[in-house]
Every structure is written in structure tokens, then in C-alpha cells.
Amino acid sequence: AKQPTCKRIPFTLLCWAFFLGLAILVQDLGFVMSLSGLICALIIAFILPCACNIKCSEHPWFFWNAPSGQKFDAFMDIVPSVFLIIFGTAAGVVGTVQLFLAQF
């Protein structure tokens, strides 16, 4: 389903303004491109697909509350996505820290 414009435009403008302000403050274009690529690639590759999988899952977020015959299926559906979201977030933090340490 298409997301309403009232939610999509402010998020897009926020991202655009952040990277525009960063590009104005930092004179190294490679740094800005690396940071925006790091953040956007991790969100697209790890976080969004897993979040969509959790949202579209027929099992509850708290898999232990699933009916007794479906607990293992719920576990196998929810937990890998949660681990990948945690991994993607950690990789983003580590990558951003390393990028800032290399730049400054």
C-alpha cells in the first residue's frame, strides 16, 4: 500500500536537509557520500526488509504468546528478523564511528 504523502514528505525532507547541512559544513564530498551511503544502504539492506517481515508476519511480535502448536514457527519467523535488525543497527553505528575516526 502506498504511504500517505503527509508521512512520506516530512521524512524525505528531514533526510535531505540533514545531508545538505552536512555537505555545507564538511568540505570533503567523499565523507558525505560515504556517510549517506552507509546509512541508506544499511536501512535498505537490513532494517527495512526485516521490519516488513515482522509487520507482515501472522505470528505475534512476542512469539512466546503464540498458540502452543505454533510457538516454534513464530520463533523461526520473528527472531532471525530481530537479530538482523540488531546486526544492521550495530553495523551502522560501528561504520559511522569508523568513518568519523578516519575523517577527524
Indicate every side-chain donor-acceptor pair of residues 89-104 with a distance under 3.5 Å to a residue at least two apart or in another chain.
| unit_1 | atom_1 | unit_2 | atom_2 | d |
| --- | --- | --- | --- | --- |
| Thr89 | OG1 | Ile85 | O | 2.8 |
| Thr96 | OG1 | Gly92 | O | 2.6 |

Is there a path of hydrophobic side-chain contacts, each under 4.5 Å between heavy atoms, that joins [X] and [Y]?
X     : Y     : answer
Phe18 : Val26 : yes
Phe62 : Phe72 : yes
Val79 : Trp64 : yes
Phe75 : Ile86 : yes

Nearest 0.5 Å, what's the OG-CG distance between Ser34 and Leu29?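 Interatomic distance, Ser34 OG to Leu29 CG, rounded to 0.5 Å: 9.0 Å.
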Drop me the distance from Phe83's CZ to Ile78's CD1, to the nearest 0.5 angstrom. 12.5 Å
List the atom of Phe19, the atom of Ile39, and the distance in Å for their closest heavy-atom pair.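 Closest approach of Phe19 to Ile39: CZ-CD1, 4.2 Å.
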Looking at every heavy atom in both Asn53 and Ser81, which two are closest together, and how far apart are they? ND2-OG, 2.7 Å
